[in-house]
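Inspection log for the structure reproduced underneath, given as C-alpha cells.
Convention: sequence-line order gives letters A, B, ...; per-chain numbering from 1.
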Protein chains: 2
Amino acid sequence: MARASTTSDAFNAVAEPRRREILSYLAGAERPVGEIVEALGMPQPSVSKHLRVLHNVGLVHMRCQGRQKLYRTNAQAIRPLHEWAGTFERYWQHQLNRVKQRAEAMARESPQAMNVAAPKVQD
Amino acid sequence: MARASTTSDAFNAVAEPRRREILSYLAGAERPVGEIVEALGMPQPSVSKHLRVLHNVGLVHMRCQGRQKLYRTNAQAIRPLHEWAGTFERYWQHQLNRVKQRAEAMARESPQAMNVAAPKVQD
DNA sequence: ACATTACATTCCGATATAGGAATATGTCAA
DNA sequence: TTGACATATTCCTATATCGGAATGTAATGT
C-alpha cells in the first residue's frame, strides 16, 4: 500500500507546507481564491487543489458570493491536532525539568565548570 | 513533483497513524523494538522502518544495550507541532464565543425555541 | 449572445511512499 | 565456532501524491 490519502484526516492534510500557509492566511478572515493566489504567490490551479483537500477534511469552510468563492479556516478542525500534541506536554516539561535540575546541580558543585563544553548527557 | 518526503520534518512523520501510535507508546519510557512489536501488533520490519523515519526527524532517541536497541520519544520535537496548532487557538475560541453568545441571546429572547431545530447559522 | 472574470478539473509525468517477504547484520551464549 | 536472538535493510509492487499545462464551467458585464 502507498501512503494514506491526504483527504483522509487533518494530520495528512497539514503535512503539506503550502497547505499550512493557506490555513494561516485564512485564519483571520474570509478570502476569495484570487487573493490567496496573489498573497502567497502560488499558481491558481495549485491553490484550488489545496483548497479542495482542506475542504474535504473540514479544515476550511467555503461560501459562494457571485462568481467568487470565499474560503476561511475552520480553526475548530485544528483542535484535535493541538490536543494530540498536547498529550506530550508533560513529557517535555519533565525533560526540561531534568535539564534544569542538572544545570543547577552543576552550578552548585563546580561553578567554574559552567563555561566549558558540557558533556553530552543521556536523558 | 511528488509529496514531500516523510523524513523531512515532524509534520510529515506524524501524518502516519502507526507512527503516532509508536510515539504515544514510547512517550513515557524507553522500550526495545521487540516490545513495540508485541504491544502494538505490527510486523517487526514495519516497526523498524517507522522507527527509522522517526529517528531521522528527531522524534525518537535511541540507545544501544547489548543486542537490544532502546527507543524513546523525544517529546521536545513535538513542541513545534503543538505551537503551530496553538497559533489557531484564539480563532477557535472566538468561534466558540460566538456560538455561545448566540445561544444565550436565543435563550433570553425566546426560551421556548430552544427545543426545536436551530437554523443553520453562518459563522 | 459574447467576451471576461473567477475557479475548478483533468491529464500528464516523476517520485515517494507503505507493506510484505526475504535476507543481512550484529550480539550474546554454549 | 556455532547457533539463537534482536533488529535493520533490501527488493518488490501498488498507489497516492504534487506540480505544470491545458481545458472546463459558472457567473457577470455589455
Side-chain angles (χ1 to χ4, degrees), chain A residues 1-23 25-26 29-73, chain B residues 1-23 25-26 29-73:
Chain A
M1 247 186 253
R3 199 192 281 194
S5 83
T6 167
T7 62
S8 54
D9 63 79
F11 282 94
N12 277 285
V14 154
E16 178 62 44
R18 309 231 166 165
R19 285 198 283 263
R20 289 200 296 275
E21 284 185 57
I22 293 176
L23 285 175
Y25 184 66
L26 295 178
E30 265 184 343
R31 310 268 191 195
V33 177
E35 274 188 35
I36 310 174
V37 168
E38 201 180 349
L40 304 185
M42 307 179 196
Q44 177 265 314
S46 181
V47 169
S48 278
K49 284 185 239 178
H50 285 311
L51 285 173
R52 177 150 85 147
V53 170
L54 293 171
H55 192 252
N56 281 339
V57 301
L59 279 165
V60 296
H61 284 149
M62 191 263 280
R63 181 168 73 91
C64 293
Q65 188 190 56
R67 58 180 145 184
Q68 316 202 92
K69 302 202 178 176
L70 304 177
Y71 284 88
R72 176 174 189 169
T73 296
Chain B
M1 245 187 253
R3 198 194 280 196
S5 84
T6 163
T7 64
S8 54
D9 63 79
F11 282 95
N12 277 285
V14 155
E16 178 62 45
R18 310 235 166 160
R19 286 199 282 265
R20 289 200 296 276
E21 283 185 57
I22 292 176
L23 286 175
Y25 184 66
L26 295 177
E30 266 183 342
R31 310 268 191 194
V33 178
E35 275 187 35
I36 309 173
V37 168
E38 201 181 348
L40 305 185
M42 306 179 196
Q44 177 266 315
S46 180
V47 169
S48 279
K49 283 184 238 175
H50 285 310
L51 284 172
R52 176 149 88 145
V53 170
L54 292 171
H55 192 254
N56 280 340
V57 302
L59 279 166
V60 296
H61 284 148
M62 190 263 280
R63 181 170 73 90
C64 292
Q65 187 190 57
R67 58 183 143 183
Q68 318 202 90
K69 303 204 178 177
L70 304 177
Y71 285 89
R72 177 177 185 165
T73 295

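Between B/Asn12 atom CG and C/dT15 atom C1' there is a gap of 14 Å when expressed in whole angstrom units. Remark: C1' of C/dA6 and CG of A/Leu51 are 13 Å apart, rounded to the nearest angstrom. In this structure, CD of A/Glu35 is placed 17 Å from P of C/dT5, rounded to the nearest angstrom. In this entry the distance linking CZ of B/Arg67 with P of D/dA6 reads 6 Å, nearest Å. For A/Leu54 and D/dT17, the CG to P distance is 13 Å, given to the nearest whole Å. Between the P atom of C/dG19 and the CZ atom of B/Arg52 lies a distance of 15 Å, rounded to the nearest Å. In this structure, A/Met42 places its CE atom 19 Å from C1' of D/dA21, rounding to the nearest Å. Note: NZ (A/Lys69) to P (C/dT5) measures 19 Å, nearest angstrom.
Not one side-chain nitrogen or oxygen of A/Tyr71 sits closer than 4.0 Å to the OP1 or OP2 atom of C/dA6. For C/dC7, the OP1/OP2 oxygens have no side-chain nitrogen or oxygen of A/Ser48 closer than 4.0 Å.
With hydrogens and angles ignored, the 3.5 Å screen pairs a side-chain donor or acceptor of B/Arg19 with a backbone N or O of B/Ala13. Between the side chain of B/Thr73 and the backbone N or O of B/Val60 there is no donor-acceptor pair closer than 3.5 Å.
Checking A/His50 against A/Arg18 by side-chain atom types alone, no donor-acceptor pair falls below 3.5 Å.
Two residues, B/Gln44 and B/Lys49, neighbour DNA chain C, and the one matched to the more 5' nucleotide by heavy-atom proximity is B/Lys49.
Side-chain atoms of A/Leu40 and A/Val47, non-hydrogen and from C-beta on, never get closer than 4.5 Å to each other.
Side-chain proximity of B/His50 to the nucleotides C/dG19, D/dG19, C/dA8 is greatest for C/dG19. Nearest to the side-chain atoms of A/Gln68 among the listed nucleotides C/dA6, C/dA18, C/dA8 stands C/dA6. Among the nucleotides D/dG20, D/dA8, C/dA18, the one closest to the side chain of A/Pro43 is D/dG20.
Cation-pi geometry between B/Arg31 and B/Tyr71 is not satisfied (NZ or CZ under 6.0 Å from the ring centre, within 45° of the ring normal).
Looking at heavy-atom distances under 4.0 Å, B/His55 makes no contact with the nucleic acid at all. Residue A/Pro32 is classed as a sugar-phosphate contact, given heavy-atom separations below 4.0 Å to backbone atoms only. A/Pro45 comes within contact range of at least one nucleobase, with a heavy-atom separation under 4.0 Å.
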